[in-house]
K.L.:
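Got a structure for you, written out below as structure tokens; questions coming shortly.
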Amino acid sequence: MKFIEIILIIIVVIAQSKCFAQDDASVVQLEPSHLVTLSTGMSSHSIRDEMMSPLIYRGSQIPIEVSYRYRGLSNRHALLIYFDNSELNSSITGNSSHYIKNLNLNFEYSFAVKTAEFQNLNTTVFLGARVSSMLNMRNHYFIQGISHTSAEQMTGLGIYFLTETAIQNNSKNFLSVEINIPFISYALLTNRFNANVSEKFNDLDFEQNVLWQVFKKGDFISFNKLFEIQADISYKLFVSNLIGIDLRYRFQYYSFKQYESLFHSNVLNNQFLIGMMVIL
Amino acid sequence: MKMIKNSIYIFLLLFVFYGCEKMFLEPDPQNSAEQNFQIFWNDFDRYYAQFPIRHIDWDSVYTLYRLQISSSTTEQQLFSVVSNIVRGINDMHVDLYTPFGDVFWKSPAPGSYPSGRLINAAKYIQFGSAQNSIIEYRTCRNPSIGYMIIPTFSGGSDGLTLTDDRYLVIDEILSKWKDMKGIIIDLRWNHGGNSNNAETVAGRFTDKPRVYAQFREKIGSGKQDFSAWKNSTIKPKGAYQFLKPVVILTSKATASSAEIFVMAMHALPHVTIVGDTTGGGVGAPIYRELPNGWTYRVSTRYYADAQQRIMEGVGIFPDIHVLTTVADSSKGIDRILEKGIEIITNSK
């Protein structure tokens with residue numbers, strides 16, 4: 001929590017100093033601009049990892065997201081880091097026999113260029129690409145405190161689509177919709193048959209750096225193994241020239257085929273985020 | 001105003017979207033006796049590796065027991081059926097956890113089994129030496145013989161942590177014991193844990209890599225989907241390796257990862273295994289669960305020693321078979337430990 005406090009203080013200090021430096025409070029120049037946003041809220045996860053259990057596990061948690069966005073005259077850049085760590089339980093068995101500690105880490109970089117503008121709708125359309133790296137690691141705790149680990153780690157390149165709609169003419173507040181569908185990914189921890197067995201793990205030397213060994217054993221996959229979609233809908237509301245509020249709903253779903261397509265990891269994440277934006 | 005309305009509609013749509021889990025995830029399987037039995041049977045059919053070596057015809061098990069399950073079968077009746085199956089497999093790593101009770105294998109160790117414990121410690125061991133919570137170490141009455149107890153190999157298999165650093169105390173112990181004539185390692189009540197920890201300790205006793213065991217694992221859904229034999233290798237670890245005489249004390253209660261340790265040490269020329277045959281099960285089990293909340297373990301491998309003598313359900317035979325009888329115990333004699341001390345004392 002100290003980390004969040006430090007970031008909040010930094011953002012507030014920067015914003016305050018900018019406020020005092022601003023001469024004309026009525027002018028907000030959003031293009032070009034740099035936006036830093038610290039968000040939190042609620043994340044909700046529903047996961048079925050068929051390799052581990054036939055049941056759906058659900059849980060929610062307070063996430064943390066930090067993003068930097070550059071709004072150019074004709075392009076958009078966004079860098080985002082997301083983290084949450086939740087406990088998931090089955091709705092029919094509770095947590096008495098099996099529960100999951102679920103770690104989510106997302107890193108994204110998106111780039112898009114203006115491709116169309118619909119002035120009658122106050123809407124601008126951008127098209128580009130997103131590089132995203134995602135870790136969903138699940139420690140399955142069973143009776144006697146024994147745990148098995150299951151995870152997906154994918155770094156993908158996807159098609160990125162963004163629209164921005166101003167709420168009113170010349171308004172600084174706008175609604176944006178983002179959709180990303182990765183079409184090629186480098187996936188680790190593939191082709192697992194059960195918690196112990198994967199041809200990828202056979203020759204791991206636990207005395208050496210296991211992460212590096214696992215990284216080298218990844219596979220390039222596409223829609224045949226992984227279908228993933230991320231969709232964001234956000235509303236950016238500026239309360240002053242330098243500070244705004246970002247209301248965001250993010251939907252993420254992926255279906256990842258394990259072991260010759262015998263099992264699926266189906267992961268559904270819904271995030272409701274509220275963030276404080278600062279124009280730098 | 002129109003835009004604001006549209007925005008509200010979009011956010012309302014989101015909440016509908018949020019509620020549509022069923023669009024993306026099929027609902028949980030039905031919690032019925034028939035469905036639970038089917039999942040249980042399927043899990044073993046898919047994952048259990050030891051049917052061939054235990055000579056169990058799993059299809060016959062289905063034929064026999066499925067008839068006892070119907071839509072009116074109660075949880076108690078299902079427990080009776082499933083627990084009978086688990087007992088029939090009688091694998092150390094196949095057990096069942098339910099609200100009606102837990103079901104385990106039948107250990108080969110008899111009820112009164114003095115071979116599985118240290119007897120009259122004060123007669124053989126000097127107290128007051130240094131200890132560690134994971135590995136207890138002392139010297140014998142003959143101070144040139146080190147005696148260490150490793151009561152478990154558990155710990156360290158959580159998430160990305162694959163070994164437990166507490167076992168690295170072995171380096172500290174061996175650096176103190178460099179001048180010892182020999183070391184006795186007592187595993188007689190070690191039920192196992194994490195095999196990486198066993199290899200961590202065993203690596204401090206070998207001067208070069210050696211294959212100590214082989215295993216096959218179930219790698220597919222078909223009944224014959226097994227991997228080829230794979231080698232388990234012990235490698236030198238730590239700054240110093242102890243290459244003088246070592247005696248490992250074993251019993252029928254020495255099991256699972258402790259048997260990994262015994263097999264690894266058995267591959268070394270300066271190590272002698274003394275005591276009773278070990279429990280007989282490594283298995284590499286996984287946990288599974290049923291929609292009614294019952295959990296159970298399934299062995300996914302079977303192990304053999306370096307000569308491909310299968311040890312699952314059989315155990316590892318000691319080099320010198322010694323038992324501490326009930327009569328010995330009542331007289332305060334630990335035959336197994338005495339034999340270990342004798343071997344080190346007489347070694348050149």
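As a basis for the values below, the full set of heavy atoms in this structure was taken, side chains included, without hydrogen atoms, waters or symmetry mates. Chain letters run A, B, ... following the sequence lines, proteins first, then strands; residues in each count from 1. Keep in mind it's a predicted model, so treat the numbers as computed, not measured.
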K.L.:
Less than 4.5 Å to any heavy atom of chain B: does that hold for the side chain of Phe263(A), its backbone, both, or neither?
P.N.:
side chain
K.L.:
Report the option among Val214(A), Ile92(A), Leu55(A) that has the most heavy-atom pairs separated by less than 4.5 Å from atoms of chain B.
P.N.:
Leu55(A)
K.L.:
Under a 4.5 Å heavy-atom cut-off, does chain A meet the side chain of Lys235(B), its backbone, both or neither?
P.N.:
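Only the side chain of Lys235(B) comes within 4.5 Å of chain A.
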K.L.:
When the ring centroid of Tyr99(A) is compared with that of Tyr57(A), is the distance short of 6.0 Å?
P.N.:
no
K.L.:
Which one of Pro285(B), Gly220(B), Gly293(B) has the most heavy-atom pairs closer than 4.5 Å to chain A?
P.N.:
Gly220(B)
K.L.:
Answer with side chain, backbone, both or neither: which region of Arg301(B) has an atom nearer than 4.5 Å to a non-hydrogen atom of chain A?
P.N.:
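Just the side chain, heavy atoms under 4.5 Å.
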K.L.:
Verify whether the ring centers belonging to Trp229(B) and Tyr302(B) lie closer than 6.0 Å.
P.N.:
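Yes, close enough.
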K.L.:
For Ser221(B), is it the side chain, the backbone, both or neither that has a heavy atom under 4.5 Å from a heavy atom of chain A?
P.N.:
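Looking at Ser221(B), backbone and side chain both touch chain A.
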K.L.:
Given that the side chain runs from C-beta out, which part of Arg58(A) has a heavy atom under 4.5 Å from chain B: side chain, backbone, both or neither?
P.N.:
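Side chain only.
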K.L.:
Tell me, side chain or backbone of Asn292(B) under 4.5 Å from chain A's heavy atoms, or both, or neither?
P.N.:
backbone
K.L.:
Answer whether the closest heavy-atom distance between the side chains of Leu135(A) and Leu103(A) falls below 4.5 Å.
P.N.:
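Side chain of Leu135(A) against side chain of Leu103(A), heavy atoms only: contact under 4.5 Å found.
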K.L.:
Select one option (side chain, backbone, both, neither) describing which atoms of Gln271(A) are under 4.5 Å from chain B's heavy atoms.
P.N.:
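Contact with chain B: none, neither part.
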K.L.:
Is it true that the side chains of Asp219(A) and Thr190(A) contain a donor and an acceptor less than 3.5 Å apart?
P.N.:
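Judged by distance alone, the side chains do pair up.
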K.L.:
Answer yes or no: is there a side-chain heavy-atom contact under 4.5 Å between Leu162(A) and Ser176(A)?
P.N.:
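Yes, at least one pair of side-chain atoms sits under 4.5 Å.
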K.L.:
Is there a donor-acceptor contact under 3.5 Å linking the side chains of Glu217(B) and Tyr47(B)?
P.N.:
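Tyr47(B) and Glu217(B) do not have a side-chain donor-acceptor pair below 3.5 Å.
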K.L.:
Could you give me the CA-CA distance, side-chain angles and deciding distance for Asp28(B) and Arg48(A), then say whether salt bridge (charged side-chain N to carboxylate O under 4.0 Å, His left out) is met?
P.N.:
CA-CA 9 Å; Asp28(B) 278 323; Arg48(A) 173 182 278 130; 3.6 Å; yes
K.L.:
For Ser150(A), which atoms come within 4.5 Å of any heavy atom of chain B: side chain, backbone, both, or neither?
P.N.:
neither
